[in-house]
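Since the structure comes first, as structure tokens, the remarks are kept for the end.
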There are 2 protein chains.
Amino acid sequence: MVMRQPLHNRIRSDFEAWILSGRMKPGDRLPIEQDLMLEYRCSRMTVNKALSALATAGLIERRKRAGTFVARPRTHSMVLDVPDLAAEIRARNQTYAYKTLARSVRVPHRDNEEERLLAGGRLLVQLDGLHLADGQPLAVEYRLVSVRAVPEIVDVTFGDNPPGTWLLQHIPWTEAETRISAVSATATIARLLTQPVGTPCLKIERRTWRRTERITQVQQIFHGAAYDLVARFGHGTTAITGTSVNP
Amino acid sequence: MVMRQPLHNRIRSDFEAWILSGRMKPGDRLPIEQDLMLEYRCSRMTVNKALSALATAGLIERRKRAGTFVARPRTHSMVLDVPDLAAEIRARNQTYAYKTLARSVRVPHRDNEEERLLAGGRLLVQLDGLHLADGQPLAVEYRLVSVRAVPEIVDVTFGDNPPGTWLLQHIPWTEAETRISAVSATATIARLLTQPVGTPCLKIERRTWRRTERITQVQQIFHGAAYDLVARFGHGTTAITGTSVNP
DNA sequence: CAGTGGTCTAGACCACTGA
DNA sequence: CAGTGGTCTAGACCACTGA
């Protein structure tokens with residue numbers, strides 16, 4: 001028998017289709033594993049693998065003794081691709097460039113709790129720069145990296161690559177927090193982005209951890225009219241994501 | 001033997017810890033399943049379940065004949081909880097209210113391609129409203145719902161609930177696209193949010209599909225200083241998400 | 001207390017692909 | 001062509017919990 005598609009995938013996509021098409025509605029009960037074994041002429045492990053995957057994806061809920069049910073449409077839990085700006089811009093056939101504005105090794109500011117937590121009693125590397133697409137300023141970046149968490153950072157030469165790309169490729173992380181807000185361009189930001197003061201800008205702040213240890217924190221300020229954050233979402237593993245830079 | 005924790009979970013978290021702690025680095029090879037069977041004194045299915053989960057989470061890569069390897073830290077693929085505003089605000093112990101500004105059934109605008117695609121040759125329901133936290137305007141919402149995809153929408157009474165909450169709970173979706181940008185408050189927006197004209201605002205646009213059929217599209221404009229979109233991220237299933245309304 | 005899912009075993013055959 | 005993972009079987013015991 002040719003295994004064009006694994007049987008557990010067929011079972012999975014059958015129910016996926018029935019649920020998403022509305023033929024099976026939230027609260028509806030699925031057959032028990034024993035019945036599905038007979039229907040698909042397979043072992044229980046195969047049925048279980050298919051239904052476990054659907055449960056992980058949040059499409060169904062499984063309760064012992066009670067059975068398996070179509071889940072309520074969940075709160076929109078979605079996959080967002082937080083951009084590696086360089087890759088995003090190049091994917092749009094624009095030239096990408098990163099210009100370093102400042103690079104220094106320093107102690108955390110005494111009155112800045114966030115910086116002190118990031119430093120963890122040691123030093124910080126400050127890396128400020130400008131992201132450009134097709135030569136036009138797109139975003140200002142202010143980044144701090146913990147020397148304690150990333151000792152190599154002191155000596156790394158990034159060349160034309162932004163430090164974010166290097167970090168993404170070399171430093172494993174376990175947790176991150178991203179905060180997105182809208183701000184007005186200050187005088188400094190406006191000058192760097194070559195926009196009028198007061199231009200609405202998208203501010204993205206991100207902090208990254210490995211376990212409990214802080215790795216880096218970054219503030220990126222995008223020219224609002226030139227940049228949108230776009231995320232495309234699907235259930236579970238079907239998610240497709242992306243970002244977009246406006247023309 | 002008491003099954004405090006399933007064995008496949010122990011195997012999984014062992015490698016998770018070694019990878020995330022940096023003890024195992026990207027490109028490092030994991031033992032083959034046969035060896036792990038011996039090490040953990042279990043069957044191959046148990047080992048396979050653990051490693052398959054890690055592969056799904058993106059922490060490892062599996063290649064036939066070649067073996068299993070620690071994956072390069074991935075582009076930041078993350079889970080974002082797009083807020084059910086009502087729930088978010090109540091979770092912060094603020095009172096939530098939704099005020100309907102307009103509700104009508106209408107044809108799509110002839111020159112608006114998006115509206116025509118959403119309507120699919122039939123009618124649209126327009127639902128405009130204002131989200132309030134502790135009585136203060138937080139966001140203006142402009143929503144369109146396809147009558148073709150959601151016939152019930154014509155007769156539903158939402159009461160004090162926003163239509164988004166009702167849709168989330170009743171209509172299964174398969175895909176969504178969210179676009180986040182920064183804009184200046186127009187005169188109308190400024191009046192509704194009781195802010196000065198030109199205040200930076202966060203604009204969230206979302207379109208939702210079931211398979212290829214469009215369900216709804218919505219534009220939410222948040223008072224920038226009062227609202228941040230926050231997302232907390234972890235690898236795979238460990239993701240914790242949330243949003244925050246500034247005090 | 002009995003039905004249901006969670007986990008596990010000890011095999012098996014096979015597809016894929018790199019040495 | 002041989003090593004590795006992908007899939008599957010036909011059982012088994014058990015934890016949980018709702019009828």
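Each chain gets a letter, A, B and so on, in the order its sequence line appears, and its residues count up from 1.
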Task: Distance in angstrom units between A:R44 CZ and D:dT9 P, rounded - done: 13 Å
TODO: State, yes or no, whether a side-chain contact exists between A:W166 and A:T157 at a heavy-atom distance under 4.5 Å.
DONE: no
Open item on the list: Over all strands shown, is A:S52 touching base, sugar-phosphate only, or nothing at heavy-atom distances under 4.0 angstrom?
Closed with: nothing
TODO: Begin with the C-alpha distance, continue with both residues' side-chain angles, and end with the deciding distance and a verdict on side-chain hydrogen bond (donor to acceptor under 3.5 Å, both in side chains) for A:T165 and A:N161.
DONE: CA-CA 7 Å; A:T165 300; A:N161 294 320; 5.9 Å; no
Open item on the list: Could you tell me how far apart B:L36 (CG) and C:dC8 (C1') are, to the nearest whole angstrom?
Closed with: 16 Å
TODO: Choose from D:dC1, D:dT9, C:dC1 the nucleotide whose nearest atom is closest to any side-chain atom of A:M45.
DONE: D:dT9
Open item on the list: Which nucleotide wins on minimum distance to the side chain of A:T68, given the candidates C:dG5, C:dT9, C:dT7?
Closed with: C:dG5
Task: Separation of D:dA12 C1' from A:Q34 CD (nearest whole Å) - done: 12 Å
- [ ] Could you check how far OH of A:Y40 sits from C1' of D:dA10, rounded to whole Å?
- [x] 20 Å
Task: CD1 on A:I60 to CZ on A:R12, rounded to 0.5 Å - done: 9.5 Å
Open item on the list: With a 4.0 Å limit, can you tell me whether B:N48 has a side-chain N or O closer than that to the phosphate oxygens OP1/OP2 of D:dG5?
Closed with: no
Task: B:T46 side chain, from C-beta outward: closest of C:dT9, D:dC16, D:dG6 - done: C:dT9
Open item on the list: Between C1' on C:dG6 and CD on B:Q5, what's the gap in Å once rounded to a whole number?
Closed with: 13 Å
Open item on the list: Rounding to an integer number of Å, can you tell me how far B:L38 CG sits from C:dA10 C1'?
Closed with: 13 Å
TODO: Find the distance A:D35:CG to C:dT4:P and express it as a whole number of Å.
DONE: 8 Å
TODO: State the pairing partner of C:dG11; accept Watson-Crick or G-U wobble contacts with both distances under 3.5 Å, and report none otherwise.
DONE: D:dC8
Open item on the list: Could you tell me the Watson-Crick or G-U partner of D:dT17, where both distances fall under 3.5 Å? Say none if there is no partner.
Closed with: C:dA2
Task: Straight-line distance of B:K49 NZ to A:N48 CG, nearest 0.5 Å - done: 5.5 Å
Open item on the list: Which nucleotide wins on minimum distance to the side chain of B:R65, given the candidates C:dC16, D:dT7, D:dG5?
Closed with: C:dC16
TODO: Assign each of B:I32 and A:A66 to its nearest nucleotide of DNA chain D by heavy atoms, then name whichever residue's nucleotide is nearer the 5' end.
DONE: B:I32
Task: First encountered from the 5' end of DNA chain D, between A:R63 and A:K49 - done: A:K49
- [ ] Using a cut-off of strictly less than 4.0 Å, decide whether A:R29 has a side-chain nitrogen or oxygen near OP1 or OP2 of C:dT4.
- [x] yes
- [ ] To the nearest Å, give me how far apart NZ (A:K64) and C1' (C:dG6) are.
- [x] 5 Å
Task: Test: A:E114 and A:R214 ion pair at under 4.0 Å - done: yes
